[in-house]
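Notes follow once the structure below has been shown.
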Amino acid sequence: MTFSKILTDWYSVNKRQLPWRQTTNPYYIWLSEIILQQTQIKQGLPYYEDFVSVFPTVFDLAHANEAEILKLWQGLGYYSRARNLHFAAKYVVEDLNGVFPTNYKDLLKLKGVGDYTASAIASICYNEVSAVVDGNVYRVLSRYFGIYTPINSSKGAKEFKALAQELIDKKDPATFNQAVMEFGAIQCKPKSPDCTVCPFNSSCFAYGKDEITELPVKIKAAKVSKKYFNFLVFLTPDHTTILEQRQGKGIWQNLYQFPLIESKKALTSKELEQELENLEVLKGKTFDVSLYNKNEIVHKLSHQHLYTQFWIVEVDTNLKGEIPVSKVEDFPVPILIGNFIEDFNF
DNA sequence: AACTCGGGGGA
DNA sequence: TCCCCAGAGTT
């Protein structure tokens, strides 16, 4: 039996029923693939249901406001996916009359669609023979064939793509692609897979050589940096506060937050009050500051740790740019802010 | 080629 | 604590 045959036989028995497996409509496949980038199915599934429900067609998505899309995306992370989703939807509607590209090459032109996603959509929707390479594929192939090339190197990317392209079932690329990913997710898991029940265990390199824990090889990332965030939660007599939209390039782009003072280290109340003296919005006003969380909240991201303090700033008058506290929940915010809002309960 | 971009979950 | 997740865009 060929690699492909063993794999797809396994798939026909073990595959999970998932909503995006009931359709080949490129809008739904695209939506699911973007949501599932770097995201486990368990986490992404409810977001997929929400998006399909709120935006049943690409036209609905294209005509939405970015903030509305970000709000629905809130908590899922990698928010550029949501912004690019909106951008690409507008492109499809305005430049392509609402019709998705029908091949790998043209799918790549959609913002947020890279090599993996273009191959996934092209194969699933149009039966194009284009192999997907995601984290699952790297793991399955590196273990089965004993490939030690680092998966997060350009050499590795080319090597695994070429191998997957050789192995793919030319008659049914859609099933092969989904099968290899499902196999990686369920059977050939990152940690302690049960190789005794694996259909490949008689010929798998890693299992035979006891190298499961060594493969795949990945170059370690640099150490995480620390940042100190001080969020200013203003409260006025009229029950208003201030939310600002994050500008520029960095993290949480276009999401909202309480006014932020970043510092080199954790600030004391005295030090924070000094900072507030320089704040334009508080010029000539009297205010009272208290620290909401006695212990720093450490929000851990893959590449930085955010040591966070929320400061309640009660002022005696109204403020420029204020919004009613009852509206705070309408804005898309990072989960760090969202958790505070929920806990504080205004 | 290296860096940046989130948040949840498993062991 | 460390690693992984249906990766992509920027520098």
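Because only heavy atoms are used, hydrogens play no part in the values below, and waters and symmetry mates are left out as well, while side chains stay in.
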How is [X] classified with respect to the nucleic acid when contacts are heavy atoms under 4.0 Å: base, sugar-phosphate, or nothing?
X	value
Gly44(A)	nothing
Lys189(A)	nothing
Val113(A)	sugar-phosphate
Ser302(A)	base
Trp20(A)	base
Gln253(A)	nothing
Arg21(A)	base

Handout entry: Over-ring placement of Lys265(A) relative to Tyr228(A), 6.0 Å and 45° cut-offs
Key = no
Atom-pair distance ([atom1] on [X]; [atom2] on [N]), nearest Å:
X	N	atom1	atom2	result
Asp115(A)	dG9(C)	CG	P	11 Å
Phe160(A)	dA6(C)	CZ	P	17 Å
Ile34(A)	dC5(C)	CD1	P	18 Å
Leu255(A)	dG6(B)	CG	P	8 Å
Asn84(A)	dC5(B)	CG	P	15 Å
Phe229(A)	dG6(B)	CZ	C1'	13 Å
Ile335(A)	dC5(B)	CD1	P	18 Å
Ile41(A)	dG7(C)	CD1	C1'	15 Å

Of the listed nucleotides ([options]), which one gets closest to any side-chain atom of [X]?
X	options	value
Tyr79(A)	dA6(C), dC5(C), dG6(B)	dG6(B)
Lys111(A)	dG7(C), dG9(C), dG7(B)	dG9(C)
Tyr116(A)	dG7(B), dC3(C), dA6(C)	dA6(C)

Does a side-chain N or O from [X] land closer than 4.0 Å to OP1 or OP2 of [N], or not?
X	N	answer
Gln304(A)	dC5(B)	yes
His303(A)	dT4(B)	no
Arg81(A)	dG9(C)	no
Trp252(A)	dG7(B)	yes
Gln37(A)	dG7(C)	no

Exercise for the section: Kindly give the heavy-atom pair with the smallest separation between Cys125(A) and Pro26(A), and that separation in Å. Expected result: SG-CA, 3.6 Å
Completion exercise
On DNA chain B, more 5' by nearest nucleotide between Gln43(A) and Ser192(A) is Gln43(A)
Problem - Upstream residue (5' side of DNA chain B) when Asn152(A) and Thr39(A) are each assigned their closest nucleotide - result: Asn152(A)
Practice task
Can you check whether any acceptor in the base of dG6(B) is under 3.5 Å from a donor in the side chain of Tyr78(A), or vice versa?
Solution key: yes
Problem - Check: Thr117(A) side chain, dG7(C) base, donor-acceptor under 3.5 Å - result: no
Check this for me: does any side-chain nitrogen of one of [X] and [Y] sit under 4.0 Å from a carboxylate oxygen of the other?
X	Y	result
Glu329(A)	Lys71(A)	no
Lys161(A)	Asp115(A)	yes
Glu182(A)	Arg16(A)	yes

Sticking with atom [atom1], work out how far [N] lies from [M], rounded to a whole angstrom.
N	M	atom1	result
dG8(B)	dA8(C)	P	22 Å
dT4(B)	dA6(C)	P	25 Å
dG6(B)	dC3(C)	C1'	15 Å

Practice task
For atom CG of Asn278(A), decide whether the heavy atoms of other residues, nucleotides or ligands shown that lie under 6.0 angstrom number more than 12.
Solution key: yes
Completion exercise
For dA2(B), the nucleotide meeting Watson-Crick or G-U wobble distances (both under 3.5 Å) is dT10(C)
Practice task
Assign each of Glu182(A) and Gly112(A) to its nearest nucleotide of DNA chain C by heavy atoms, then name whichever residue's nucleotide is nearer the 5' end.
Solution key: Glu182(A)
Handout entry: Among Trp311(A), Phe231(A), Phe340(A), ring-ring contact (aromatic ring centres under 6.0 Å, His included) partner for Phe258(A)
Key = Phe340(A)
